[in-house]
Trainee: 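Take this structure first; my questions come after.
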Amino acid sequence: MIIWSGWGFLVAIFFLVGCLIGLPVAGLVSTDPDVNIAVTILVGGLVAGLSSFLFARKVEGGEGRAFIDEATGQRVVVRRTAGSLFFIPTRYWAYVAPVLAIALAVVMMMPTATDTAAAAAVETAPADASAPAN
């Protein structure tokens, strides 16, 4: 379930567009599937972060509307908001998306238990089982 308010859903779209950009970049970097996925996610997170920053800056910039609070007599300035995704304002996704992408890319690059078991099996296998013993 995706929870957003205002324009917050654009953060997810920015990430998907970044992943589409990252697919050909990953193909240029390596032929290893784990590295390709990690690079794709990393590019997606960086594009989502930069796009979120620029979008929030554009929407939230400018003059706000000033109101006078009748109870206190204080002047209150209200500005437009760019919305939120998962209760995190869009302007903060500029920092959250790249950090999450880097963390996920690092996790993707870590060897799994099956990778280490397969490597151990290759190391312990006899060099040539079909050769006759002398």
Side-chain angles (χ1 to χ4, degrees):
M1 179 163 59
I2 299 175
I3 303 167
W4 78 87
S5 70
W7 294 99
F9 70 93
L10 286 178
V11 175
I13 292 174
F14 293 152
F15 179 75
L16 292 175
V17 169
C19 286
L20 289 176
I21 293 170
L23 283 173
V25 172
L28 296 173
V29 172
S30 175
T31 58
D32 183 23
D34 291 336
V35 174
N36 285 348
I37 293 171
V39 169
T40 301
I41 291 172
L42 188 60
V43 171
L46 294 175
V47 168
L50 179 63
S51 301
S52 297
F53 173 77
L54 295 174
F55 178 74
R57 187 173 176 189
K58 176 73 174 165
V59 170
E60 294 175 352
E63 299 273 333
R65 293 184 62 188
F67 297 98
I68 304 295
D69 186 3
E70 292 179 6
T72 62
Q74 283 186 314
R75 183 173 185 250
V76 179
V77 178
V78 178
R79 298 182 191 274
R80 289 181 55 191
T81 180
S84 65
L85 179 68
F86 295 115
F87 308 109
I88 300 173
T90 303
R91 66 181 168 274
Y92 296 132
W93 278 103
Y95 310 106
V96 173
V99 169
L100 286 177
I102 290 168
L104 192 55
V106 167
V107 168
M108 290 300 300
M109 296 296 294
M110 289 181 162
T112 61
T114 56
D115 291 342
T116 55
V122 169
E123 290 176 5
T124 59
D128 189 8
S130 62
N134 288 337

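Please read all numbers here as calculations on a predicted model, not as lab measurements. Below, each value reflects all heavy atoms present in this structure, side chains not excepted, and no hydrogens, waters or symmetry copies.
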Trainee: For residues I21 and L10: do they belong to one hydrophobic cluster (side chain heavy atoms under 4.5 Å, members Ile, Leu, Val, Met, Phe, Trp, Tyr)?
Mentor: yes
Trainee: Taking all non-hydrogen atoms of both residues into account, name the closest pair between A82 and F55 and its distance.
Mentor: CB-CE2, 4.1 Å
Trainee: My understanding is that only residues two or more places apart in sequence, or in another chain, count here; which of them pass side-chain contact (heavy atoms from CB on, under 4.5 Å) with S51?
Mentor: F14, V47
Trainee: Does one hydrophobic cluster hold both V11 and V17, with members joined at side-chain heavy-atom distances below 4.5 Å?
Mentor: yes
Trainee: Mind jotting down which residue pairs meet the salt bridge (Lys or Arg N to Asp or Glu O under 4.0 Å) criterion with at least one end in residues 41-58? Sequence neighbours excluded, please.
Mentor: none
Trainee: I need the full list of side chain to side chain donor-acceptor pair (under 3.5 Å) pairs touching residues 22-33, with sequence neighbours left out, sorted by first then second residue.
Mentor: none
Trainee: Can you name the side-chain contact (heavy atoms from CB on, under 4.5 Å) partners of L16, sequence neighbours left out?
Mentor: none
Trainee: When rounded to the nearest 0.5 angstrom, what is the spacing between CG in N36 and CG in L28?
Mentor: 9.5 Å
Trainee: Restricting to side-chain contact (heavy atoms from CB on, under 4.5 Å), what partner residues turn up for R75, sequence neighbours left out?
Mentor: A66, I68, V77
Trainee: Taking side-chain contact (heavy atoms from CB on, under 4.5 Å) as the definition, give me every residue that meets it alongside V107, ordered by chain and number, with sequence neighbours left out.
Mentor: none
Trainee: With F9, which residues qualify under ring pair (Phe, Tyr, Trp, His ring centres under 6.0 Å), at least two apart?
Mentor: W4
Trainee: Any side-chain to backbone donor/acceptor pair from S52 onto T90? Under 3.5 Å, distance only.
Mentor: no
Trainee: Return the minimal non-hydrogen interatomic distance between I41 and M108, and the atom names on each side.
Mentor: CD1-CG, 4.4 Å
Trainee: Should V43 and I13 be counted in the same cluster of Ile, Leu, Val, Met, Phe, Trp and Tyr side chains packed under 4.5 Å apart?
Mentor: yes
Trainee: Give every residue pair that meets the salt bridge (Lys or Arg N to Asp or Glu O under 4.0 Å) criterion with at least one member in residues 13-27, sequence neighbours excluded.
Mentor: none
Trainee: By side-chain hydrogen bond (donor to acceptor under 3.5 Å, both in side chains), which residues pair with T72, not counting sequence neighbours?
Mentor: D69
Trainee: Please list all pairs meeting ring pair (Phe, Tyr, Trp, His ring centres under 6.0 Å) that have one or both residues in residues 61-91, counting only residues at least two apart or in different chains.
Mentor: none
Trainee: S5: what forms a side-chain hydrogen bond (donor to acceptor under 3.5 Å, both in side chains) with it, not counting sequence neighbours?
Mentor: S84
Trainee: With a cut-off of 3.5 Å and sequence neighbours excluded, list every side-chain donor-acceptor pair involving residues 92-105.
Mentor:
{"residue": "W93", "atom": "NE1", "partner": "L85", "partner atom": "O", "Å": "3.1"}
{"residue": "W93", "atom": "NE1", "partner": "I88", "partner atom": "O", "Å": "3.2"}

Trainee: Nearest 0.5 Å, what's the CG-CE distance between D34 and M110?
Mentor: 12.5 Å
Trainee: Look only at the side chain of E60 and the backbone of R79, and say whether a donor-acceptor pair between them is shorter than 3.5 Å.
Mentor: no
